[in-house]
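The structure appears right after this line, and notes come after that.
Residue numbers begin at 1 in each chain, while the letters A, B, ... track the order of the sequences.
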There are 2 protein chains.
Amino acid sequence: MAERGRPRNFDKDAALARAMEVFWLKGYEGASMADLTSAMGIASPSLYAAFGSKEDLFRKALDYYVASEGGLIWGAVTETHTAHQAVETFLMQTARVFTRRSRPPGCLVVLSALHPNEHSETVRRELVQRRAQAVTELRERLRRGVERGEISPAADLDAIAKYYITVQQGMSIQARDGATRKQLEQIAAAALAAWGPLTAPTPTAH
Amino acid sequence: MAERGRPRNFDKDAALARAMEVFWLKGYEGASMADLTSAMGIASPSLYAAFGSKEDLFRKALDYYVASEGGLIWGAVTETHTAHQAVETFLMQTARVFTRRSRPPGCLVVLSALHPNEHSETVRRELVQRRAQAVTELRERLRRGVERGEISPAADLDAIAKYYITVQQGMSIQARDGATRKQLEQIAAAALAAWGPLTAPTPTAH
DNA sequence: CCAATTATTTAGTGATCGACACAGAAATGG
DNA sequence: CCATTTCTGTGTCGATCACTAAATAATTGG
């Protein structure tokens, strides 16, 4: 049973992947419909018929990004045994994923819409929420480290999670500025040097 | 001796300060001429006569920002005695300056132009350069810490400087997402927890 | 074959972008 | 007073923005 009517003559998933790359590179506002249709190889009426609107397309591209690119980082994190390994993997995978050739540097979730704007405010809020979700996921991973006796119960898990997410977000800027994978790994290693003091029974020495 | 011709009807410095706030909040591309003229209280021909073009205006606003807002951070840093105090002051002043009421959150230098774009490419490159300059300045401050015997000669000063600048850049994102001053200070404190391991004679334990 | 349905193509829509032409207003120099 | 200079207000330029109406093409159901 094929669909009724004229069949679409482009691959919807492939077009979405192209759109994701354009948003990733240029940001939500910075990606024009001309940029998108050109990269996707279709005319704008086809885009609107298939995806709804620019904002709808972005949200689908965002889901696609979180599933594919985000999965590369968080998938590896879930395979770790200790909380320390989880954070180390999180930052090292970040260094790798943020610096792949022929992929835009940095993170789409972090970079796509940082400024308040009438036309992109709902998109911006969605991204703020996704960034907060990353903190929650990392904090949950740390909590299991406390249960295993790996992290001091006195440790401020929310602060630690926010700290490492903040480092990752800074790495997006660094990647955009042309940092190499090795440089990002050095930054990650420096951030990991705080692990001992942060998770030890006596958390911070003033 | 007053100037020849009709005198300017507005305060140029005050208008520049308004323009800086608009660019700071909305970014370079996101700040429209309508936004700027409205905030500056002048019509566009007056803006072009006084400042040249949108890009010229941005560069003047950028200089103004670095001198005023940047001075709040780096001025305090230069008054410190130890390298550790310098980095601590750098991050704590950042937490304060990024979260002042009725000022846009985060840093203009970090947030204004992150995406490549035909119309803003020269501005973007200027900002990349300024961010690299921050690394250089911090690294230079660390170097004096080595001379004082405060930091191990084996420490990788460039990596340490890049690390703390990266944390500050991540704090710009966090500030944009609504982080409070206290939350940014907790992030700063967590980042400072790495200081001991990073600067001790045995820098990183693998 | 025909009707119904869906997609693509062509050619635009009004709105907004940064920038400016032009004329009038407000000052100085003589 | 007049000429010169500089700034301001009105209006608008061509380009680009996201988006779409209308006609045509390609498929299925009967």
Side-chain angles (χ1 to χ4, degrees), chain A residues 1-16 18-19 22-23 25-62 112-113 115-124, chain B residues 1-16 18-19 22-23 25-62 112-113 115-124:
Chain A
M1 309 289 204
E3 302 284 337
R4 295 262 306 208
R6 177 174 177 172
R8 184 177 288 116
N9 72 356
F10 63 92
D11 184 329
K12 198 173 169 181
D13 279 348
L16 183 58
R18 298 286 185 84
V22 174
F23 283 126
L25 179 66
K26 301 198 162 195
Y28 176 66
E29 289 269 341
S32 70
M33 292 303 297
D35 292 331
L36 291 164
T37 55
S38 167
M40 297 164 84
I42 60 179
S44 65
S46 296
L47 189 155
Y48 281 91
F51 299 103
S53 67
K54 186 185 179 185
E55 177 168 341
D56 291 335
L57 175 61
F58 177 81
R59 300 183 107 95
K60 291 181 173 86
L62 175 58
S112 287
H115 300 103
N117 178 291
E118 206 175 328
H119 300 91
S120 62
E121 189 57 21
T122 56
V123 163
R124 195 190 127 266
Chain B
M1 305 298 193
E3 303 285 338
R4 293 264 307 209
R6 179 175 176 171
R8 186 177 287 113
N9 210 355
F10 61 93
D11 183 330
K12 198 173 169 182
D13 280 348
L16 183 59
R18 299 285 185 84
V22 174
F23 283 127
L25 179 66
K26 301 196 164 195
Y28 176 66
E29 290 269 340
S32 70
M33 292 303 298
D35 291 331
L36 291 164
T37 55
S38 166
M40 297 164 83
I42 60 179
S44 66
S46 296
L47 188 155
Y48 280 91
F51 300 102
S53 67
K54 187 187 178 183
E55 177 167 342
D56 291 335
L57 175 62
F58 177 81
R59 299 183 107 94
K60 291 182 173 88
L62 174 59
S112 287
H115 300 103
N117 180 290
E118 207 176 324
H119 301 91
S120 62
E121 191 55 22
T122 56
V123 162
R124 194 190 128 264

May I have the distance from [X] (atom [atom1]) to [N] (atom [atom2]), rounded to whole angstrom?
X         : N       : atom1 : atom2 : answer
Glu3(A)   : dG29(D) : CD    : P     : 10 Å
Lys54(A)  : dC19(D) : NZ    : P     : 8 Å
Asp56(A)  : dA18(D) : CG    : P     : 14 Å
Met40(A)  : dT8(C)  : CE    : P     : 11 Å
His119(A) : dA18(D) : NE2   : C1'   : 9 Å
Glu55(B)  : dC17(C) : CD    : C1'   : 16 Å
Phe51(A)  : dA7(C)  : CZ    : P     : 12 Å
Leu57(B)  : dA19(C) : CG    : C1'   : 13 Å

Partner set under side-chain contact (heavy atoms from CB on, under 4.5 Å) for Pro116(A), not counting sequence neighbours:
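Here the qualifying residues are Glu121(A), Leu25(B), Arg176(B).
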Please list all pairs meeting side-chain hydrogen bond (donor to acceptor under 3.5 Å, both in side chains) that have one or both residues in residues 31-50 of chain B, counting only residues at least two apart or in different chains.
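side-chain hydrogen bond (donor to acceptor under 3.5 Å, both in side chains) check on residues 31-50 of chain B returns Lys26(B)-Asp35(B), Ser32(B)-Asp35(B).
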Looking at residues at least two apart in the chain, or sitting in another chain, which of them share a side chain to side chain donor-acceptor pair (under 3.5 Å) with Arg18(A)?
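Per chain and number, Arg18(A) pairs via side chain to side chain donor-acceptor pair (under 3.5 Å) with no residue.
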Using a cut-off of 4.0 Å between protein heavy atoms and nucleotide atoms, how would you tag nucleotides 4-14 of chain D 5' to 3' with B, S and -?
BBBBSBB----
Could you measure the distance from the CZ atom of Arg124(A) to the OH atom of Tyr28(A)? Nearest 0.5 Å is fine.
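With rounding to 0.5 Å, CZ (Arg124(A)) is 13.5 Å from OH (Tyr28(A)).
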Distance-only criterion, 3.5 Å: show the donor-acceptor pairs between side-chain atoms of residues 6-15 of chain B and protein atoms not counting sequence neighbours.
unit_1   : atom_1 : unit_2   : atom_2 : d
Asp11(B) : OD1    : Asp13(B) : N      : 3.0
Asp11(B) : OD1    : Ala14(B) : N      : 3.1
Lys12(B) : NZ     : Ala50(B) : O      : 3.3

Can you run through DNA chain C from 5' to 3' and write each base as (, ), [, ], | or . depending on how it pairs? Watson-Crick or G-U wobble, both distances under 3.5 Å.
||||||||||||||||||||||||||||||
Pairs flagged by salt bridge (charged side-chain N to carboxylate O under 4.0 Å, His left out) wherever residues 37-52 of chain B is involved - sequence neighbours left out:
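Every candidate salt bridge (charged side-chain N to carboxylate O under 4.0 Å, His left out) pair involving residues 37-52 of chain B fails, so no pair, neighbours aside, qualifies.
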State which residues pass salt bridge (Lys or Arg N to Asp or Glu O under 4.0 Å) with Arg59(A); sequence neighbours excluded, sorted by chain then number.
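Per chain and number, Arg59(A) pairs via salt bridge (Lys or Arg N to Asp or Glu O under 4.0 Å) with Glu55(A), Glu126(A).
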Under 4.0 Å: is that the gap between some side-chain N or O of Tyr48(B) and OP1 or OP2 of dA19(C)?
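Yes, such a contact exists.
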Keeping Ser120(A) on the side-chain end and Val123(A) on the backbone end, is there a donor-acceptor pair under 3.5 Å?
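Flag not set: sc Ser120(A) to bb Val123(A) has no pair under 3.5 Å.
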Within a strict 4.5 Å, meaning less than it, do heavy atoms of the Phe23(B) and Leu62(B) side chains meet?
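Of all side-chain heavy-atom pairs linking Leu62(B) with Phe23(B), none is under 4.5 Å.
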